[in-house]
Amino acid sequence: MEAVRHIALGCCVLSTVAGMVRIFWPENGFAPVINAVLVLYIISAGLQMIRGTDWKQLTKELYAFSSSTTASQAEYAEYGRSVGLSASVEAVQRILSDAGIESVATLEGNTCCVQLVHESDRTRAEAVLESSGGQLPYKIVSGGDVP
């Protein structure tokens with residue numbers, strides 16, 4: 001196989017020289033020969049590469065790669081969950097603000113903690129959170145001294 005590869009390389013060099021001649025003498029018919037030799041060289045180089053590949057080591061590396069990605073998938077799932085909870089808390093804040101309820105929504109653990117500015121808004125806030133809070137667990141904490 002090595003001899004065939006060297007012969008193909010030699011033909012490639014000759015074809016390159018023929019291509020250079022073609023630049024200066026465009027009416028010749030070397031194009032099909034050049035293309036055929038280049039294809040032959042590429043095929044022989046590919047066969048040599050496939051034959052010399054250590055398939056067992058490649059398989060081990062691929063298995064090691066797939067087992068290392070499983071741990072990172074759990075990390076990505078946790079990260080995605082925390083990003084989703086943060087977005088939900090921001091949405092709760094926006095919904096309460098649109099309803100005219102002054103409050104601050106924060107995330108404590110897995111629970112949305114809503115701190116009201118006015119204690120009198122508690123009933124309305126509970127109704128709004130009940131109707132549009134979804135499955136996000138929440139707790140309402142009374143705010144400051146404003147009645």
Side-chain angles (χ1 to χ4, degrees), residues 1-2 4-20 22-23 26 30-147:
M1 184 58 110
E2 191 71 25
V4 171
R5 207 167 137 207
H6 285 297
I7 291 171
L9 178 62
C11 289
C12 271
V13 171
L14 290 175
S15 296
T16 305
V17 171
M20 301 279 288
R22 187 173 176 210
I23 291 173
F30 289 127
V33 174
I34 293 170
N35 291 338
V37 171
L38 286 174
V39 167
L40 237 167
Y41 180 71
I42 290 169
I43 289 172
S44 66
L47 288 175
Q48 182 70 22
M49 182 180 68
I50 290 172
R51 194 176 121 237
T53 302
D54 184 9
W55 293 106
K56 289 181 182 179
Q57 181 63 28
L58 181 64
T59 305
K60 286 179 187 177
E61 288 179 18
L62 289 175
Y63 278 124
F65 177 72
S66 67
S67 67
S68 69
T69 57
T70 330
S72 63
Q73 285 176 352
E75 293 170 5
Y76 284 128
E78 179 60 32
Y79 174 71
R81 192 175 131 313
S82 69
V83 168
L85 284 173
S86 298
S88 296
V89 169
E90 289 175 13
V92 164
Q93 178 68 48
R94 195 173 320 119
I95 289 169
L96 290 172
S97 179
D98 290 346
I101 301 170
E102 293 183 62
S103 63
V104 176
T106 56
L107 184 63
E108 294 179 5
N110 292 333
T111 305
C112 177
C113 183
V114 178
Q115 186 171 5
L116 298 173
V117 174
H118 305 285
E119 178 64 33
S120 59
D121 289 338
R122 180 183 271 289
T123 347
R124 268 190 327 145
E126 285 177 352
V128 168
L129 288 173
E130 220 25 73
S131 66
S132 58
Q135 297 179 3
L136 179 67
Y138 65 89
K139 71 178 181 179
I140 297 177
V141 179
S142 296
D145 299 329
V146 181

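Computed from a prediction, not measured in an experiment: that's the story for all the values here. The basis for the numbers below is simple: all heavy atoms, side chains too, and nothing from hydrogens, waters or symmetry mates.
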Might you point out which heavy atoms bring [X] and [Y] nearest each other, and give the distance in Å?
| X | Y | value |
| --- | --- | --- |
| S103 | V117 | N-CG2, 4.2 Å |
| V92 | C112 | CG1-SG, 4.0 Å |
| N110 | R81 | OD1-NH2, 2.9 Å |
| I101 | V128 | CD1-CG2, 4.2 Å |

How long is the gap from CD on E102 to CD on Q115, to the nearest 0.5 Å?
-> 12.5 Å
Give, for atom OG of S120 and atom CZ of R122, the distance between the pair rounded to the nearest 0.5 Å.
-> 11.0 Å
Across all chains, not counting sequence neighbours, the side-chain hydrogen bond (donor to acceptor under 3.5 Å, both in side chains) partners of R124 are D121
In terms of side-chain heavy atoms, does E130 have a donor or acceptor partner in Y138 at a distance below 3.5 Å?
-> yes
Partner of V114 under side chain to side chain contact (heavy atoms under 4.5 Å, CB included), chosen from L129, V89, V141, V104 | L129
Looking only at atom types and distance, does a side-chain atom of S97 sit under 3.5 Å from a main-chain N or O of Q93, one as donor and one as acceptor?
-> no
